[in-house]
Asks: 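Here's a structure for you.
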There are 2 protein chains.
Amino acid sequence: MPPMDTALARERALDAAEELFYARGIQAVGMDELRGASGLSLKRLYQLFPTKEQLVVAYLVRRDERWRGRLAAHVARQRDPRERIPAVFDWLQEWFGETGFRGCAWLNAYGELGATSTLVAEQVRAHKEAFRGYLASLVDAAGLPAVLTGPLFLLAEGAMVTAGVTGGARPAAEAREAARALVAAAGADGISRWSPTP
Amino acid sequence: MPPMDTALARERALDAAEELFYARGIQAVGMDELRGASGLSLKRLYQLFPTKEQLVVAYLVRRDERWRGRLAAHVARQRDPRERIPAVFDWLQEWFGETGFRGCAWLNAYGELGATSTLVAEQVRAHKEAFRGYLASLVDAAGLPAVLTGPLFLLAEGAMVTAGVTGGARPAAEAREAARALVAAAGADGISRWSPTP
DNA sequence: AGCGATGGAGAACGAGCGTTCTCCATTCGG
DNA sequence: CCGAATGGAGAACGCTCGTTCTCCATCGCT
C-alpha cells in the first residue's frame, strides 16, 4: 500500500477506532484489529497515537464534536426557543433508533476505563459538562428558570443509559413527555413550587 | 489455614468480590487478588465458582438483593404513600454520599462486560427491571397514573449515572425536586397534559 | 494405623494484547 | 545513480490473567 498523507491517515485511524470501539467496546478491540480495519501499519498507528489510551481519547474528542454538532443542528431547526427543548429528546429518539446504536459512547468508555485511565475519565466529564452547558443555554434562551437544566440533563442521561441497556427508543419518548411537563410546570408559575435545595 | 464451611466460604468469596469489583472495576481485579482478599485458595474459589463470569454474576445477584432491600426498608419508613416516592431519591442521596461510592454497580458492570458477557448483561437488565417494577408499585400505591413510572425511573437512572461520573450527591436532590414537580403535575389534574405518545 | 479424599500453597500453562523490533522495498535529495 | 530516510508487513517480546496442575499436609473413617 502506498504511503498516505498524515491527516488522512489520522482520519482513517479514527474512523476504524470509532466503528470498532463503539460497536464492541474498547477493551475488546486490540491494536492489531485496528490495524486491519484502518489499513494502516502498526508502525504508522503508533506514530500517530503513541499509546492506545491516546487513540481512545482522540476518538472520544472527535465523536464529541460530531455528536454535539449533529444535536445542535437538529435543534436549531426549531424556531421557537420553547420547542428547542423537546427537540433535544426528539433527536435522542432518532439516535436511539439508528442501527448499531449501543448506548452513550462516553458512558460506555467510562464504565470500561474510568477507573483505570484518568485521561478517559476527564474526557467523559468534559463531554457531559459540555452537553449540560448546551442544555443550560437552551433553557436560558427559552426564558425558563435555570433550575430546569439539572432535571432535563438527568432525564436525558437516564434515557441514554436506559436505551443503551435495554436497546429500545422508548426512553426518549418518556423523557420528552416528562421534559414537557417540567417545562410547563416551571413556565406557568411553578417556580416557587420547585425551590432548589440550598 | 483450616478448612471452612462451604456457605461461609461462599460468603467470603462474595465479600471480597463485592469490595474489589465495585471499588476498582471487574476487569481490573484478577482471580489471584480475589484469592488474597478472600483468604480462600484458588482451588476453593474455582470449585465454588467455576469461572470468573459466574462469580461476577453471583456478586451482582447478591448485591441486587441487598441494594433493593436497603432501598425498600428506607422507603417503607414513610407512612404516606405519596411521600414514598421522594423517599426513593432521599435514599439515593444518602447512597451517593457514602464513602467509596463509585456509581451504580450494574451500570458499571454493563459498561465493562455488557458487550462481552450475555450473562452479565442479563443480570443488569433484570436488576433494572426489578427496580423499575418497584417504582411502578410505589406509583400505583400512591394512586398516581402509571405513566409516571417511566419518567421517575429515568430521573433515578440519570442521577445514578451522573453521580457516578461526577462524584457528587447533588444529582439526587435535583432528581427529587423534579420528581416532586412531576408528581404534583400529574396528581393535580395534569394527566391530560401528559398523554403518552401513541 | 492406614487409606482415600479434601483442600491449601503456589507453580505452570496458554492465550491475548500493547508495544517494539527486524527486515526489506520504495522514494527522494544531491 | 546512491545512500539515507520513510514506511509497510509481520514477527517477537513481555506482561497480565484466567484456569489448571503438582505436591503435600491433614482429616475422617474402618
Side-chain angles (χ1 to χ4, degrees), chain A residues 1-60 109 112-120, chain B residues 1-60 109 112-120:
Chain A
M1 193 168 272
M4 185 187 288
D5 179 70
T6 297
L8 179 55
R10 240 187 105 87
E11 205 78 2
R12 294 270 169 88
L14 290 174
D15 288 346
E18 180 153 8
E19 182 167 330
L20 294 174
F21 285 162
Y22 182 67
R24 312 225 315 270
I26 293 168
Q27 317 230 49
V29 175
M31 293 299 286
D32 217 59
E33 194 166 1
L34 246 23
R35 174 183 60 92
S38 66
L40 272 51
S41 68
L42 272 181
K43 200 191 242 178
R44 200 91 149 91
L45 267 180
Y46 273 94
Q47 74 190 26
L48 289 167
F49 305 97
T51 66
K52 187 182 184 184
E53 186 183 30
Q54 292 177 55
L55 174 57
V56 172
V57 170
Y59 145 64
L60 292 177
E112 276 193 82
L113 301 173
T116 317
S117 161
T118 65
L119 283 179
V120 169
Chain B
M1 193 169 270
M4 186 187 288
D5 178 72
T6 297
L8 180 55
R10 239 187 106 86
E11 205 79 2
R12 293 270 169 89
L14 290 174
D15 288 346
E18 179 152 9
E19 182 167 331
L20 294 173
F21 285 161
Y22 182 66
R24 310 225 317 269
I26 293 168
Q27 318 229 46
V29 174
M31 293 298 284
D32 218 59
E33 193 166 0
L34 245 24
R35 173 183 60 90
S38 65
L40 271 52
S41 70
L42 234 36
K43 198 189 242 177
R44 202 89 150 93
L45 268 180
Y46 272 94
Q47 74 187 28
L48 290 166
F49 305 98
T51 66
K52 187 184 183 182
E53 186 183 31
Q54 293 178 55
L55 175 55
V56 171
V57 170
Y59 144 63
L60 292 176
E112 276 192 84
L113 302 173
T116 317
S117 161
T118 65
L119 283 180
V120 169

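Reminder, nothing fancy here: chain letters follow the sequence lines and each chain counts from 1.
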Asks: So if I take residues 112-119 of chain A and measure heavy-atom distances to DNA chain D, which residues fall below 4.0 Å?
Replies: none
Asks: Mapping A/Arg35 and B/Gly30 to their closest nucleotides on DNA chain D, which lands nearer the 5' end?
Replies: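 With A/Arg35 and B/Gly30 compared, the 5'-side residue is A/Arg35.
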Asks: Is there a residue in residues 17-27 of chain A whose heavy atoms reach under 4.0 Å of DNA chain D, and which residues are they?
Replies: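 Within residues 17-27 of chain A, no residue comes under 4.0 Å of DNA chain D.
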Asks: Taking side chain to side chain donor-acceptor pair (under 3.5 Å) as the definition, give me every residue that meets it alongside B/Glu33, ordered by chain and number, with sequence neighbours left out.
Replies: B/Arg24
Asks: State, to 0.1 Å, how close A/Leu42 and A/Met31 come at their nearest heavy-atom pair, and which atoms those are.
Replies: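 In this case the closest contact between A/Leu42 and A/Met31 is CD2-O, 3.8 Å.
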Asks: For the pair made of CZ in B/Phe49 and P in D/dT19, what is the distance, rounded to whole Å?
Replies: 13 Å
Asks: Between A/Arg12 and A/Asp15, does the salt bridge (charged side-chain N to carboxylate O under 4.0 Å, His left out) criterion hold? Intermediate values first, please.
Replies: CA-CA 5 Å; A/Arg12 294 270 169 88; A/Asp15 288 346; 5.7 Å; no
Asks: Name all residues meeting the side chain to side chain donor-acceptor pair (under 3.5 Å) criterion together with A/Gln27; count only those two or more places apart in sequence or in a different chain, and write none if there are none.
Replies: none
Asks: Using whole Å, report how far CG of A/Leu42 lies from P of C/dC23.
Replies: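 The distance from CG of A/Leu42 to P of C/dC23 comes to 18 Å, rounded to the nearest Å.
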Asks: Tell me every residue that passes salt bridge (charged side-chain N to carboxylate O under 4.0 Å, His left out) with A/Arg10, counting only those two or more places apart in sequence or in another chain.
Replies: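 With sequence neighbours excluded, A/Arg10 shows a salt bridge (charged side-chain N to carboxylate O under 4.0 Å, His left out) to no residue whatsoever.
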Asks: Rounded to whole Å, how long is the line connecting atom OH of A/Tyr46 with atom P of D/dG10?
Replies: 17 Å
Asks: Return the minimal non-hydrogen interatomic distance between A/Leu34 and A/Ala17, and the atom names on each side.
Replies: CD1-CA, 4.0 Å
Asks: Any side-chain N or O of A/Lys43 less than 4.0 Å from the OP1 or OP2 oxygen of D/dG7?
Replies: no
Asks: What is the distance, rounded to the nearest whole Å, between atom CG of B/Leu45 and atom P of C/dG8?
Replies: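 Going from CG in B/Leu45 over to P in C/dG8 covers 9 Å.
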Asks: Between P on C/dG8 and CZ on B/Arg12, what's the gap in Å once rounded to a whole number?
Replies: 12 Å
Asks: Of all residues at least two apart in sequence or in a different chain, which pass the side chain to side chain contact (heavy atoms under 4.5 Å, CB included) check with A/Ala37?
Replies: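 Result, side chain to side chain contact (heavy atoms under 4.5 Å, CB included) vs A/Ala37: A/Ala16, A/Leu20.
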Asks: Rounding to a whole Å, what distance do you find between B/Glu53:CD and D/dC17:C1'?
Replies: 16 Å
Asks: Nearest whole angstrom, please: distance from the C1' of D/dT19 to the CD of B/Gln54.
Replies: 13 Å
Asks: Find the distance B/Gln47:CD to D/dC21:C1' and express it as a whole number of Å.
Replies: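 Result: 15 Å.
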Asks: Which pair of heavy atoms, one from A/Phe49 and one from A/Gln54, lies closest together, and at what distance?
Replies: CD2-O, 4.2 Å
Asks: Write down the atom of A/Ala9, the atom of A/Leu40, and the distance for their closest heavy-atom approach.
Replies: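 Scanning both residues, the minimum pair turns out to be O-CD2, 3.4 Å.
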